[in-house]
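Side chains are part of it too, since the values below use all heavy atoms of this structure and drop only hydrogens, waters and symmetry mates.
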Amino acid sequence: MKIGYWGSGQVCFLDCVDHTFLKMILNLFQGFEVMDSSDKDNLNDNVIRIIYIGEDKYHICHGIFDEVCTMQQALGYTVKTLLEVLGQEKNGKCFLHGGCVQYNGKNNCFLGKTKSGKSTLTYSLCQIPNCRYVTDDLICIDETLKCIPFMKPIFLRECKYIDKRDGITVIQYQNEFRYCVFPEFMVNKNELFNIENIFLVERNPMKDFSVEKLSISAAFINIWQNMHTSNLIVNKRNIALKLAKNTNVFKLNYRDVSSDLMLLLDFIN
């Protein structure tokens, strides 16, 4: 099945034969339109072909990119490529590696390395009243430091944190429920807000919960290191510097969301 998306005057096509993967993409990019898979028009470098080959392996073919990877890697590549093809980077937008939650009208971003607990924090905070899901794993921001929300499914490695509440769709992955999709009423999609706080996340159960504000120079370095955007984007340095100067940037250590989530919320307040 081929699905197409029009944005920024461009078109992007996905040629995908796996329904689980396709469902996640459709939940993520609400503007996709299902098309006749026999239509060969516009088949060029804007086509990403995705084929499930078994054992959690996907074959992705996109221009010179021709690789076999896991579902999570395939999803990450597809998301970033779609945003790039749709002109996001050309329009001055950059990407941070992390999650974002809006609380009382203010965006709080959680950046950090893989397995640092960003997605766990993002998902857990969104269970709290007055918190709204913005995005996870890939934060898209514009030159005015406003965060652009989109409904990317949250992938949780630790199933114990999943709360199967009404309205939240949980998708099975490798015989366990790992992908969580929030309903639209829990996502702010219409109004853009500036980023208020950035937390550089570490999860160390041997240390107490702590939040330490960083200097502008330390904040700049950490934000730069957590940017997904290509080094060829000339405004990458400028956006990292603007974020360091105009947002509160903290180093955060938490032990476990069950014990430290309310402490974090109190700090944000």
Side-chain angles (χ1 to χ4, degrees), residues 24 26-30 96-112 116-142 144-173 176-203 205 208-213 243 246-269:
M24 285 189 283
L26 288 172
N27 279 320
L28 169 54
F29 291 93
Q30 299 293 310
L96 300 174
H97 181 211
C100 183
V101 174
Q102 185 187 115
Y103 182 64
N104 289 336
K106 297 178 180 179
N107 284 333
N108 300 275
C109 295
F110 302 95
L111 312 182
S116 62
K118 304 182 301 297
S119 295
T120 301
L121 274 179
T122 300
Y123 178 80
S124 300
L125 281 168
C126 288
Q127 312 295 321
I128 296 173
N130 298 325
C131 283
R132 303 181 76 183
Y133 176 58
V134 180
T135 187
D136 181 56
D137 193 54
L138 200 62
I139 302 170
C140 183
I141 59 174
D142 63 18
T144 67
L145 308 186
K146 285 185 169 57
C147 186
I148 301 171
F150 60 91
M151 295 177 65
K152 185 179 187 303
I154 295 182
F155 177 78
L156 296 178
R157 291 180 174 82
E158 299 180 62
C159 304
K160 65 180 181 179
Y161 295 116
I162 295 179
D163 182 3
K164 296 182 181 179
R165 294 189 178 186
D166 292 340
I168 297 178
T169 302
V170 184
I171 302 174
Q172 189 168 336
Y173 172 72
E176 294 187 18
F177 292 98
R178 296 290 186 88
Y179 279 100
C180 303
V181 182
F182 288 104
E184 290 196 29
F185 73 85
M186 294 181 65
V187 183
N188 174 34
K189 298 177 62 179
N190 301 316
E191 188 173 0
L192 305 184
F193 290 88
N194 285 338
I195 296 174
E196 181 77 13
N197 300 311
I198 295 177
F199 296 92
L200 285 308
V201 179
E202 293 182 5
R203 182 166 53 175
D208 291 337
F209 172 88
S210 63
V211 182
E212 172 190 353
K213 189 168 184 177
L243 283 170
N246 295 286
T247 62
N248 301 307
V249 183
F250 305 95
K251 182 178 180 181
L252 164 68
N253 180 75
Y254 76 98
R255 298 160 296 182
D256 187 86
V257 291
S258 59
S259 61
D260 292 343
L261 189 64
M262 298 312 297
L263 293 174
L264 175 60
L265 203 60
D266 288 342
F267 180 85
I268 292 175
N269 279 329

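- Counting only heavy atoms from C-beta outward, the side chains of L156 and Y123 approach each other to under 4.5 Å.
- For I195 against T247, the heavy-atom pair with the smallest separation is O-CG2, 3.1 Å.
- The environment of K251 atom NZ is sparse: at most 12 non-hydrogen atoms of other residues, nucleotides or ligands sit within 6.0 angstrom.
- Note on residues 259-269: pairs passing salt bridge (charged side-chain N to carboxylate O under 4.0 Å, His left out), not counting sequence neighbours, are R255-D260.
- Proximity of L121 to Y254: side-chain heavy atoms (C-beta onward) are separated by under 4.5 Å at one or more points.
- Looking at N104 and N269, their side chains come closer than 4.5 Å, going by heavy atoms from C-beta outward.
- Every residue meeting the side-chain contact (heavy atoms from CB on, under 4.5 Å) condition with S116, not counting sequence neighbours, appears here in chain and number order: K118, V201.
- With hydrogens and angles disregarded, a donor-acceptor distance shorter than 3.5 Å links the side chain of N107 to the backbone of F193.
- For the pair L261 and Q127, the minimum side-chain heavy-atom distance is 4.5 Å or more.
- Annotation: side chain of N194 is not in contact with side chain of N246 (no heavy-atom distance under 4.5 Å).
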Worked check of side-chain contact (heavy atoms from CB on, under 4.5 Å) between I139 and L111: CA-CA 9 Å; I139 302 170; L111 312 182; 3.8 Å; yes

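- For F267, the ring-ring contact (aromatic ring centres under 6.0 Å, His included) criterion is met by F250, not counting sequence neighbours.
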From CA spacing to verdict: side-chain contact (heavy atoms from CB on, under 4.5 Å), L125, Y133: CA-CA 9 Å; L125 281 168; Y133 176 58; over 6 Å; no

Evaluation steps, ring-ring contact (aromatic ring centres under 6.0 Å, His included), between F110 and F199: CA-CA 5 Å; F110 302 95; F199 296 92; 5.4 Å; yes

